[in-house]
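Notes follow once the structure below has been shown.
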Amino acid sequence: LKELPRGIEQQKLLKDFKVVVKEFQREQQGAARKVREVVARSRDAQEHVVAAEAGEDAPLLANQQIQTFAPSALDSEIIHNEAMILEREEEVRRIEQGITEINQIFRDLGTIVGEQGNMLDNIEDNVH
């Protein structure tokens, strides 16, 4: 009877933990999506600047060649931002894996505590 409230409490904590993890994942994906949008807009803006510098009548191939041969600070920033996004996504995956492992540890710990409670009850019964 003593273990029932503890078990219910553990289940509630596990449920709350899963909800928080899902919310974190959703927020992280939203943040990554926003960063990708900013990077895409930066690329578009840079292409527009290159086109304006080359003249409006310059062919698209010429703009691409200018962009290829003269990488700007914006290009390096975009590359850096993309690398950071990939690194963050990998870190999120590692965190998710760690959270899953912690979840399993807590489940195992709950089982161990339950077993020890039973052993204590048996010892108490034998003493009385």
Side-chain angles (χ1 to χ4, degrees):
L1 294 174
K2 295 177 187 176
E3 294 176 25
L4 182 61
R6 189 180 316 147
I8 291 172
E9 184 178 341
Q10 287 175 348
Q11 288 175 354
K12 182 185 180 323
L13 287 173
L14 180 61
K15 180 182 174 187
D16 292 345
F17 183 72
K18 287 180 180 180
V19 168
V20 169
V21 168
K22 286 182 183 178
E23 184 178 331
F24 173 76
Q25 290 171 342
R26 187 174 46 251
E27 291 296 324
Q28 181 65 28
Q29 290 170 353
R33 184 177 53 253
K34 288 179 183 179
V35 170
R36 285 188 200 107
E37 290 171 2
V38 168
V39 169
R41 279 185 274 170
S42 295
R43 282 184 183 157
D44 291 344
Q46 192 226 3
E47 288 174 3
H48 179 70
V49 168
V50 169
E53 289 174 354
E56 293 181 350
D57 296 332
L60 181 60
L61 182 59
N63 287 339
Q64 289 173 347
Q65 287 175 345
I66 291 171
Q67 192 174 10
T68 301
F69 292 116
S72 67
L74 187 57
D75 282 338
S76 62
E77 184 177 340
I78 290 171
I79 291 169
H80 175 72
N81 287 342
E82 288 176 343
M84 292 296 292
I85 290 169
L86 293 174
E87 185 177 322
R88 286 179 184 163
E89 287 176 352
E90 182 60 32
E91 286 297 321
V92 168
R93 284 188 204 101
R94 285 189 209 140
I95 290 170
E96 289 174 6
Q97 182 181 7
I99 289 171
T100 302
E101 291 171 1
I102 290 172
N103 182 17
Q104 185 60 43
I105 289 170
F106 276 112
R107 285 184 181 182
D108 294 344
L109 183 61
T111 302
I112 291 170
V113 168
E115 291 172 359
Q116 288 178 349
N118 290 336
M119 286 192 292
L120 287 175
D121 289 342
N122 288 338
I123 291 171
E124 184 179 337
D125 289 343
N126 289 333
V127 169
H128 293 297

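Quick note: numbers below take in every heavy atom, side chains included, and nothing from hydrogens, waters or symmetry partners. Residue numbers count from 1 along this sequence.
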side-chain contact (heavy atoms from CB on, under 4.5 Å) partners of V20, counting only residues at least two apart: none
Neighbour count >12 (heavy atoms, 6.0 Å) for atom CZ, F106: no
Distance (rounded to the nearest 0.5 Å) between F24 CZ and Q29 CD: 10.0 Å
Interatomic distance, I8 atom CD1 to L13 atom CG [nearest 0.5 angstrom]: 12.0 Å
Side chain to side chain donor-acceptor pair (under 3.5 Å) partners for D16, two or more places apart: K12
By side-chain contact (heavy atoms from CB on, under 4.5 Å) - contacts of E37 (at least two apart): R33, R41
Worked verdict on I112 versus Q116 for side chain to side chain contact (heavy atoms under 4.5 Å, CB included): CA-CA 6 Å; I112 291 170; Q116 288 178 349; 3.9 Å; yes
Listing, residues 90-98 side-chain donor-acceptor contacts under 3.5 Å, not counting sequence neighbours, or none:
residue : atom : partner : partner atom : Å
E90     : OE1  : R93     : NH1          : 3.2
E91     : OE2  : R94     : NH1          : 2.4
E96     : OE2  : Q25     : NE2          : 3.3

Approximate separation, where rounding is to 0.5 Å, of E77 CD and M84 CE: 12.0 Å
Euclidean distance, N126 CG relative to N122 CG, rounded to 0.5 Å: 6.5 Å
Inter-residue atom distance T100.OG1 - I105.CD1, 0.5 Å rounding: 11.0 Å
Contacts of type side chain to side chain donor-acceptor pair (under 3.5 Å), residue K15, not counting sequence neighbours: none
Test side chain to side chain donor-acceptor pair (under 3.5 Å) applied to E23 - qualifying residues, sequence neighbours left out: none
Qualifying residues under side chain to side chain donor-acceptor pair (under 3.5 Å), relative to Q11, sequence neighbours excluded: none
Test side-chain contact (heavy atoms from CB on, under 4.5 Å) applied to R107 - qualifying residues, sequence neighbours left out: L14, K18, N103, Q104
